[in-house]
Amino acid sequence: MMQQSFYQDTVLASGLYGDQIQGGRDNQQDTFSILAEEDALLLVLTDGMGGYTGGELASRAAVEGFSRAFERESVSPGEKMKAALAAANEQVLAVRKKEGKDEEMGTTLVAAWIGREGLRWVSVGDSLLLLIRKEKMFLLNELHQYSEELDRMADEGVISRDEALNHPSRHFLTSALMGREIFLVNLQEECFPLVPGDRLLVASDGVESYLNSMGPARIRYLSMLSAEELVRSVLDGISRGGDPNQDNATLICVEIPGA
C-alpha cells in the first residue's frame, strides 16, 4: 500500500504514478494502493469521512480489506470486485466497532482493474475515475452525490438550475462504505476498451474542482504529459491555489502504451 508517491513501469502501462497532498486539512484521510502484477493492475483509492481520525481509519481499512480480498479470490475480475467491495465494507465495520467510532464513520471507494483486454471498475461515493483520450477528458464512473437528484429535479422543472447548482447539500454523499447496506454501487463488469495513448486517472474529490476548471488547452497539455508529470502538474497546481479549505487531494495516473 502506498500513501505518499508511487512509480512503476509495467507491461500494461508505459507510465504509472500516484501521489497525494494534504491540502488545508489537519490530517490525510485519502488512502491509495497500487497492485502491479505481470498481467494486470489494480488501483484502489478511498476518501474517508467521520471526525478527525475516523475518516482516516475507515479509508485505510477499506483499502486493506479490498486489496486483500481481491488478491485472495480466484474468480473473474468482476466477481473479485464484488467480493472485495463486500470485504472492504466489513473491514470498515470491524474498525468502527473496535474504535467505538460514531455512525458517520465511513469512506468512498473507487477501484480500477486493468488487464490486457481493457478496464473494469467498481465505485461507491464520489471519488473519480476519469479518462483522457484524444485531448478530451471523460468521467467514466457514476458519482453518488445528491447533485444527481438535484440536477434531475432541475431538468423536470421542480427547482431552478441555479437552485440546483447552489444547493447547500449538493455534494452530500448518497452512498458510502459504512459497514452496513451499500445503497448505490457502480460496477463495470464488462471490459471497457482502452486504446494506445489513453491516460486513466483515479482521483479523490479534492482534485475535482481543479480538473473541472481546466479548459481545452489545459487538457490538451495534460494529454501530452507522462503519468508522473501529469500527477505532479495537477497536484502542484492545486497547492499553488492556496485555498485554506482545500480538501485532501490524491491522484493516480496510468499511461497506456502507444502503438
Side-chain angles (χ1 to χ4, degrees), residues 5-21 23 30 32 34 36 40-45 47 108 110-123 125-143 145 147-148 151 161 165 171 186 188 190-243 246-259:
S5 62
F6 179 93
Y7 175 83
Q8 182 171 335
D9 279 321
T10 77
V11 68
L12 295 169
S14 52
L16 171 57
Y17 189 82
D19 206 350
Q20 59 186 184
I21 58 174
D30 292 354
F32 74 94
I34 300 174
L41 298 171
L42 178 67
L43 317 177
V44 188
L45 185 151
D47 180 357
T108 70
V110 57
W113 179 92
I114 303 170
R116 295 183 185 277
E117 66 269 39
L119 167 71
R120 294 178 173 90
W121 70 82
V122 65
S123 68
D126 61 356
S127 292
L128 309 161
L129 180 63
L130 299 152
L131 177 68
I132 296 180
R133 174 179 291 176
K134 295 182 179 178
E135 303 180 356
K136 295 182 179 180
M137 186 163 61
F138 308 90
L139 176 67
L140 296 182
N141 66 324
E142 298 172 3
L143 301 186
Q145 294 178 334
S147 59
E148 298 295 317
D151 290 343
R161 183 63 59 184
L165 292 175
H171 296 294
N186 180 210
Q188 175 72 22
E190 294 187 8
C191 222
F192 179 92
L194 297 172
V195 301
D198 280 351
R199 279 149 180 80
L200 188 70
L201 309 181
V202 179
S204 62
D205 70 332
V207 179
E208 185 177 11
S209 294
Y210 183 83
L211 293 179
N212 286 343
S213 70
M214 295 190 307
R218 180 65 178 171
I219 295 174
R220 187 179 308 117
Y221 170 72
L222 291 183
S223 73
M224 297 184 290
L225 298 180
S226 69
E228 181 174 0
E229 290 169 337
L230 188 152
V231 170
R232 290 188 180 278
S233 175
V234 171
L235 295 182
D236 287 349
I238 294 172
S239 295
R240 285 195 302 271
D243 181 358
Q246 172 63 44
D247 196 1
N248 303 147
T250 300
L251 182 62
I252 309 168
C253 178
V254 179
E255 183 182 353
I256 304 303

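- The nearest pair of heavy atoms linking Val110 to Ser127 is CG1-CB, 3.7 Å.
- Gln20 approaches Phe32 most closely through the heavy-atom pair NE2-CD2, 4.0 Å.
- Taken to the nearest 0.5 Å, the CD1 atom of Ile34 stands 4.5 Å off from the CG atom of Leu16.
- Considering all non-hydrogen atoms of both residues, Met214 and Ile219 come closest at CE-CG1, 4.0 Å.
- When side chains are defined from C-beta on, Glu255 counts as touching Ser226, because their heavy atoms get closer than 4.5 Å.
- Atom CD in Glu142 sits 9.5 Å away from atom CD in Gln188 (nearest 0.5 Å).
- Considering CG of Leu129 and CG of Leu140, their distance stands at 4.5 Å, rounded to 0.5 Å.
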Extract all donor-acceptor atom pairs below 3.5 Å that involve side chains of residues 201-210 and protein atoms in other chains or at least two apart in sequence.
{"unit_1": "Ser204", "atom_1": "OG", "unit_2": "Asp30", "atom_2": "OD2", "d": "2.8"}
{"unit_1": "Ser204", "atom_1": "OG", "unit_2": "Thr250", "atom_2": "N", "d": "3.0"}
{"unit_1": "Tyr210", "atom_1": "OH", "unit_2": "Arg218", "atom_2": "NH2", "d": "3.2"}

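- Going from atom CG of Leu43 over to atom SG of Cys253 covers 10.0 Å, rounded to the nearest 0.5 Å.
- Listed for the Arg199 side chain is a donor-acceptor partner under 3.5 Å among the backbone atoms of Gly197.
- Contact between Gly15 and Ala227 at its shortest, heavy atoms only, is C-CB, 3.6 Å.
- Leu143 CG to Leu128 CG: the interatomic distance, rounded to the nearest 0.5 Å, is 5.5 Å.
- For the pair Arg120 and Ile114, the minimum side-chain heavy-atom distance is 4.5 Å or more.
- Looking at Ser233, its side chain never comes within 3.5 Å of a backbone N or O of Leu230 through a donor-acceptor pair.
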Residue pair Arg232, Tyr17: steps toward the side-chain contact (heavy atoms from CB on, under 4.5 Å) verdict: CA-CA 9 Å; Arg232 290 188 180 278; Tyr17 189 82; 3.0 Å; yes
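- A distance of 9.0 Å separates NZ in Lys134 from CG in Asp198, rounded to the nearest 0.5 Å.
- Within the 4.5 Å cutoff, the side chain of Asp47 has heavy atoms near those of the Asp247 side chain.
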Candidate pair Trp121 and Asn186, rule side-chain contact (heavy atoms from CB on, under 4.5 Å), full reasoning: CA-CA 8 Å; Trp121 70 82; Asn186 180 210; 3.0 Å; yes
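- Tested against Leu130 for a side-chain contact (heavy atoms from CB on, under 4.5 Å), the candidates Leu200, Leu251, Leu211 yield a single pass: Leu211.
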